Amino acid sequence: GFGMHQVRHEYAAQADLAVKQTFWQSPALANLDSNAFGEATPTKLVNRLDTSALARDVAEAMVQDDLAKGRNGGAATSDAEIDARAAAIESAFKVEPIDDKGLLRVTAYSTETPEQAIRLTEFVARGLVEHTQLKRLDEQEQAYQLVQQQITETRAQLDQAETRAADFRQKMGFKTDEQVWVDIEKKNNDLVEAQAMVSEIQQRIREIDDSLAANADQLPETLDSVTEGVVQGLLEDLDDLRQQEIGLSIVWKPGYPELDRLQAEIDEKKEAIGLAIGQLKGGSGGSSLWEERQGLYQQKLQLKADLLTQSVKVASLQKMVDEFSKTLPDLSNTSFTYAQLSHESQYLRTQFEKLL
């Protein structure tokens, strides 16, 4: 005998939306504590998207559009009917991030006509833009309030620092050799800047570690591979070598045999870490996550190398500043203290001007 069956077609339509950065993700604020809102990548926007709320907004907008144009679809007005339509819409579209192109891709499906798939795509895309803009406006308001708060706090700190410096100078009435003053202030400025750079690098390493932890949560299997442990162990070894070099650099100058040997060992360790990172791989699935993990470890290795350079610089400058205060007869404790107070005022004024 013969049987008959109906083939059900499904139509799909797509729309791409470009993701642009706001002022609050601009380089102007990159080095300020107020930059708590990082780059708005397509993946981050999708992770924060409430698809149920978006589907309901789309359902309500389509009902209003049907009413305005006299279509039958405008008859559904009760909450229950809107909920049902929203549930159907939510299962009929998807939003995908395309980070390398800075795009959000909306795809919608219809089992009835291509026109319906196109119409649904348009409404979802418009709703997505509105949801994203509202979310980012809220974040920008938070960033603005944070900057305003920092301006107030920094202004108060600056006033206090300048008052302390002025009072101290007036009380001590010191006079010192101008060249000594310039030298000690320059070394102290360099030291503060190097210390700030160390803090910044350490913060970036902590951010990399957070990203590694987030990446690990998404991996399809536990991180029990030998290579993963090797990378961690080698990075810890590099930290130990860093502490040794900092200690030796305080006492000895470059060219001292032990320092040269230690530097060679550090170079070998970095090369070994690079090789180990290159061998990182997962089991089944999650290959892109493992590639991301390799990239994060490469960034961490570079940051560790930068941290080593800056830490040695801090140790050397601290030694020089200490020697200045001990050996130069024209340099008293009072002038050194004033140099620190003066630099604190200048640093706060720079931060204050950046915030403004």
Side-chain angles (χ1 to χ4, degrees), residues 3-26 36-148 214 218 288:
M4 295 185 66
H5 66 277
Q6 185 175 359
V7 177
R8 190 179 186 190
H9 294 282
E10 185 172 63
Y11 304 96
Q14 282 185 342
D16 287 346
L17 301 173
V19 176
K20 295 184 178 179
Q21 301 304 310
T22 71
F23 168 75
W24 299 101
Q25 284 92 36
S26 71
F37 311 98
E39 184 185 7
T41 64
T43 293
K44 288 179 181 176
L45 292 176
V46 169
N47 287 342
R48 293 187 313 215
L49 180 63
D50 184 343
T51 53
S52 297
L54 175 58
R56 184 169 180 89
D57 285 354
V58 170
E60 290 175 348
M62 294 182 83
V63 166
Q64 292 299 318
D65 187 55
D66 287 337
L67 277 170
K69 295 176 180 174
R71 295 196 187 97
N72 291 337
T77 54
S78 72
D79 282 347
E81 288 169 317
I82 292 290
D83 287 343
R85 180 176 284 203
I89 286 172
E90 186 176 4
S91 64
F93 77 84
K94 64 180 179 179
V95 181
E96 300 171 291
I98 307 177
D99 283 326
D100 58 343
K101 295 182 180 178
L103 297 176
L104 290 175
R105 174 160 293 168
V106 176
T107 308
Y109 305 90
S110 171
T111 57
E112 298 178 23
T113 65
E115 290 73 23
Q116 283 193 335
I118 293 171
R119 182 168 180 252
L120 180 56
T121 300
E122 289 176 350
F123 273 86
V124 172
R126 289 176 187 171
L128 179 59
V129 168
E130 186 174 336
H131 270 243
T132 303
Q133 285 180 336
L134 288 173
K135 178 71 175 174
R136 295 180 76 182
L137 279 172
D138 183 53
E139 288 187 349
Q140 288 174 58
E141 173 65 18
Q142 291 179 50
Y144 174 75
Q145 295 296 343
L146 188 60
V147 171
Q148 286 283 30
Q218 299 177 59
S288 64

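We number each residue from 1, following the sequence as shown. Since this is a predicted model, take the numbers as computed values, not measurements.
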Leu120 vs Val58 side-chain heavy atoms within contact, under 4.5 Å: yes
Using a strict 4.0 Å threshold on nitrogen-to-oxygen distance, state whether Arg56 and Asp79 make a salt bridge. yes
Decide yes or no for Tyr109 and Thr107: does some side-chain heavy atom of the first lie under 4.5 Å from some side-chain heavy atom of the second? yes
Under 3.5 Å, side chain of Thr121 to main-chain N/O of Ala13, donor-acceptor pair present? yes
To the nearest 0.5 Å, what is the distance between CD1 (Ile89) and CG (Leu54)? 9.5 Å
So which atom in Ala86 and which in Ala55 form the shortest heavy-atom distance, rounded to 0.1 Å? O-CB, 3.4 Å
To the nearest 0.5 Å, what is the distance between CG on Asp66 and CD on Gln64? 9.5 Å
Side-chain donor/acceptor of Asp99 to backbone N/O of Thr41, under 3.5 Å: no
List, one per line, each side-chain donor-acceptor pair under 3.5 Å for residues 91-98, sequence neighbours excluded.
| unit_1 | atom_1 | unit_2 | atom_2 | d |
| --- | --- | --- | --- | --- |
| Ser91 | OG | Ala88 | O | 2.9 |

Closest non-hydrogen contact found for Ser110 with Ala117 is CB-N, 3.6 Å
Does Gln14 have more than 12 heavy atoms from other residues, nucleotides or ligands lying within 6.0 Å of its CD? yes
In plain terms, say whether Lys101 and Asp16 are close enough for a salt bridge, that is, a side-chain N and a carboxylate O under 4.0 Å apart. no
So, Arg85 and Glu81, do they make that salt bridge, N to O below 4.0 Å? no
So, do Glu130 and Asp57 sit near enough that their side-chain heavy atoms are less than 4.5 Å apart? no
What is the distance from atom NE2 of His131 to atom CG of Leu45, rounded to the nearest 0.5 Å? 13.5 Å
Please enumerate all residues that pass side-chain hydrogen bond (donor to acceptor under 3.5 Å, both in side chains) together with Glu122, with sequence neighbours excluded. none
